[in-house]
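In what follows, every chain begins at residue 1, and chains take the letters A, B, ... in the order their sequences are listed. These numbers were taken from a predicted model, which means no experiment stands behind them.
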Amino acid sequence: MSEDETVVAGNFVRQIIESDIEAGKHDGKVATRFPPEPNGYLHIGHAKSICLNFGIAMDYQGTCNLRFDDTNPHKENVEYIESIRQDVHWLGYDWGERLYYASNYFERLYEYAVELITAGKAYVCDLTADETREYRGTLTAAGKPSPFRERSVEENLDLLQRMRAGEFEDGARVLRAKIDMSSPNMNMRDPTLYRIRRGVIHHQTGESWCIYPMYDFTHPVSDALERITHSICTLEFADHRPLYDWILDNTSVPCHPQQIEFSRLNLEYTVMSKRKLTALVDEGCVEGWDDPRMPTIAGLRRRGFTPGSIREFCTRIGVSKSENTVQMGMLESCIREDLNVNSQRRMAVLHPLKVVITDYPEGQVEQLEVANHPQDESMGVRSIPFTGELYIDKNDFLETASKKFKRLVTGGEVRLRNAYVIRCNEVIKDAAGEIIELHCSYDPATLGANPEGRKVKGVIHWVSVEYGVEAEVRLYDRLFSQPVPDSAKEDKDYREYLNPDSLRTLTQSIVEPALAEANPGERFQFEREGYFCVDLHQPAGSPMIFNRTVTLRDSWAKIEEKQKA
RNA sequence: UGGGACGUCGCCAAGCGGUAAGGCCCGGGGUUUUGAUCCCCGUAUGCGCAGGUUCGAAUCCUGCCGUCCCAGCCA
């Protein structure tokens, strides 16, 4: 064993896979799959599964299929399919030729259903949905057998064929597995295998089928047909594993994949269920699936997150079987770490306050050459025009303040980032007493040099009035005001916890001229403010829109907080 | 009240009988023309609780307690 062997803390799924490889199971091969139902957009919880499945395939020289679990045409559509393909790719994963649809296997599935009937292990049941529920029993009381449970193989075969032929109405009959009506596991009480759905047009198979296989039947068969070795899913399917195994053990499928369950991701201040996310979109609580406040991949992308930051997040949170709610700070840390290294710096004044430098030569313009990144020279430089009239941020000036306030105060000095030290001599107010501009003087000796005999501790950013560019800036905050909005059970709906201030739009912001050439999706650090990206949806002819991805860490905000308290 | 799973720092999470990794958050200090970054330093005598086995237990055993999931012709 080598001394400097790096032990990557593997999660329990990888441990299982490693011991399987060692034991020579599946010929030492690893084949996983990511199997979303195309009934909504992918969210960060799916990213966890994608990183797990594709990551394992990459690390063990295996493969990972993308498979659409499209057995319920009612809720599915091609828009979702397209978005899922795009999102998986954007995250940085490639399924190569291995794109499948569960609907590819409808004919095979039907043959296996016939096989089960022939073996006396499945039957057509005429009970209504309500009756089925009654017969199923409860968590503590055994169910009782359906009166149709002992139909002959011939009759079952005939009925299934006629179900397929469209002879019966929706809900009239289902195909059920004949397992155990008194099993303590509800999933084993003769689960439904097929139901009738006439008149719906399936996005892949059109009108060729009017019976559709259930998840519990489709999934194990699809996995086996694709020669999946490890079928990784979330914890709520653990109860289905006996059924998964039963299907594989009682049909002539070519192999028996192993189902492994891990806990799904919960993130504070948002919701993760597709049902709830769909509701937010449908009810107009957000702009759409790609609203930058949404925890969807599309939303995070538009918000300014990078694929790498999301992958990093997934490795940081790990994979286990314990219930978890990850704090937003974890996600924010990942994107800050990425953007700190990889994004160019710019200056942008979000809440402009005019500054007139009264002793600056009339009409003079200096082109200042400024580094695009303070720690990375390879990012080059740009030039910024300096003029006698500037904007600074309203938050960077106070008429009087405590010594802790390291910005501009009346009579005080401050460094203009990348430029001169200025002193505020006069505060100009309008009739209402509102500060409208500041008259300052500047120290010509302080460009690229510290002033003699005194120290100026504050540095603030600025933009030239003459050359600045108007922009719209959207400041996002958490979507919900409660850490766990869906903990609200019956009494309160999660929608009541929507944060009314999750979006603040600034329409008066002024950004430095270099930003005028930025392209949609391009990311920057606005110095002293945060990371921003150019919105993906730029309306023609309007000011550019910048989305705030995340603020900078702000220890001043913490000090302020303490002072108030 | 049946079955399945899970309980290690505020939040994630390693640990797999030899004496509690790491990350995020947090606190303190240093550098800095971003109150950013970066760099130091600090943070569980404790692993849901109670017993037991053992020279030795977060790890094994027993019993409690707590949390989550399951009664779709959804996935």
#### Entry: Earlier contact from the 5' end, RNA chain B, for L127(A) and S263(A)
S263(A)
### Message
salt bridge (Lys or Arg N to Asp or Glu O under 4.0 Å), that's the test. Do E413(A) and R454(A) meet it? Break it down for me.
### Response
CA-CA 10 Å; E413(A) 280 189 309; R454(A) 62 192 201 277; 2.7 Å; yes
### Query
Distance between the C1' atoms of rA75(B) and rG17(B), in whole angstroms?
42 Å
### Query
OP1, OP2 of rG35(B) versus side-chain N and O of R553(A): anything below 4.0 Å?
no
### Query
Which part of the nucleic acid, if any, lies within reach of L139(A) when heavy atoms closer than 4.0 Å are counted: base, sugar-phosphate only, or nothing?
base
### Task
Check every strand shown and say whether H74(A) touches a base, only sugar-phosphate, or nothing at a heavy-atom separation below 4.0 Å.
nothing
### Message
Within the 4.0 Å heavy-atom criterion, would you say G458(A) contacts the bases, only the backbone, or no part of the nucleic acid?
### Response
nothing
### Query
Is there a donor and acceptor pair closer than 3.5 Å between the side chain of D554(A) and the base of rG35(B)?
no
#### Entry: Distance test, side-chain N/O of R275(A) to OP1/OP2 of rG72(B), below 4.0 Å
no
### Query
When only distance counts, do a donor and an acceptor, one from the side chain of R415(A) and one from the base of rU33(B), lie under 3.5 Å apart?
yes
### Query
Is there a donor N/O on one and an acceptor N/O on the other, under 3.5 Å, for the side chain of E323(A) and the base of rG7(B)?
no
### Task
Using a heavy-atom cut-off of under 4.0 Å over every strand shown, decide if P374(A) touches base, sugar-phosphate, or nothing.
base
### Message
Regarding Q15(A), tell me which of base, sugar-phosphate or nothing describes its non-hydrogen contacts under 4.0 Å with the strands shown.
### Response
base
### Query
Hey, do the aromatic rings of H202(A) and F106(A) have their centres closer than 6.0 Å?
yes
### Query
For atom CZ of R149(A), is the number of surrounding heavy atoms from other residues, nucleotides or ligands below 6.0 Å larger than 12?
yes
#### Entry: Gap in Å between the two C1' atoms, one belonging to rG42(B) and one to rA36(B), rounded
23 Å
### Task
Tell me what Q525(A) touches on the nucleic acid: a base, only sugar-phosphate, or nothing, going by heavy atoms under 4.0 Å.
base
### Query
Using centres under 5.5 Å plus planes under 30 degrees as the test, is Y215(A) stacked with rA75(B)?
no
### Query
Is any side-chain nitrogen or oxygen of R264(A) closer than 4.0 Å to OP1 or OP2 of rC69(B)?
no
### Message
Angle between ring planes, F524(A) versus F526(A), binned at 30° and 60°: parallel, tilted or perpendicular?
### Response
parallel
### Task
Determine the contact category for V326(A): base if any of its heavy atoms lies under 4.0 Å from a base atom, sugar-phosphate if only primed atoms, P, OP1 or OP2 are that close, otherwise nothing.
sugar-phosphate
### Message
Counting the atoms with a prime plus P, OP1 and OP2 as sugar-phosphate, which does G329(A) contact under 4.0 Å by heavy atoms, base, sugar-phosphate, or nothing?
### Response
sugar-phosphate
### Side-chain N or O of R336(A) closer than 4.0 Å to phosphate OP1/OP2 of rA36(B)
no
### Message
Using a strict threshold of under 4.0 Å (side-chain N to carboxylate O), is an ion pair present between R528(A) and D396(A)?
### Response
yes
### Message
Regarding R417(A), tell me which of base, sugar-phosphate or nothing describes its non-hydrogen contacts under 4.0 Å with the strands shown.
### Response
base
### Task
Remember a base hit wins even if backbone is also touched, and classify N340(A) as base, sugar-phosphate or nothing at under 4.0 Å, heavy atoms.
sugar-phosphate
### Query
Taking the inter-plane angle between the rings of Y442(A) and Y420(A) on a 0 to 90° scale, is it parallel (under 30°), tilted (30 to 60°) or perpendicular (over 60°)?
perpendicular
### Message
Applying a 4.0 Å non-hydrogen cut-off, can you work out what E37(A) is touching in the nucleic acid: base, sugar-phosphate, or nothing?
### Response
sugar-phosphate
### Query
Is there a donor-acceptor pair closer than 3.5 Å between any side-chain N or O of K48(A) and the backbone N or O of V319(A)?
no
### Task
Kindly indicate whether the side chain of E529(A) and the base of rU34(B) share any N or O donor-acceptor pair separated by less than 3.5 Å?
no
### Message
For a quick check of understanding: with a heavy-atom distance under 4.0 Å over all strands, which category does K274(A) fall into, base, sugar-phosphate or nothing?
### Response
nothing
### Message
Please confirm whether the shortest side-chain N or O distance from R345(A) to OP1 or OP2 of rA36(B) is below 4.0 Å.
### Response
no
### Task
Pick base, sugar-phosphate or nothing for R173(A), based on heavy-atom distances below 4.0 Å to the nucleic acid.
nothing
### Task
Examine rA13(B): is either OP1 or OP2 under 4.0 Å from a nitrogen or oxygen in the side chain of S320(A)? Give yes or no.
yes
### Task
Indicate whether OP1 or OP2 belonging to rG3(B) is found under 4.0 Å from a side-chain N or O atom of T140(A).
no
### Message
Less than 4.0 angstrom between a side-chain N/O of K558(A) and OP1 or OP2 of rC26(B), yes or no?
### Response
yes
### Query
Taking the side chain of S322(A) as heavy atoms from C-beta outward, which of rC74(B), rG7(B), rA71(B) is closest to it?
rG7(B)
### Query
Distance between the P atoms of rC39(B) and rC24(B), in whole angstroms?
10 Å
### Task
Please work out if A142(A) contacts a base, only the sugar-phosphate, or nothing of the nucleic acid, heavy-atom cut-off 4.0 Å.
nothing
### Of D70(A) and R407(A), the one whose closest RNA chain B nucleotide lies more 5'
R407(A)
#### Entry: Phosphate contact (rA75(B) OP1 or OP2) by T71(A) side-chain N/O below 4.0 Å
yes
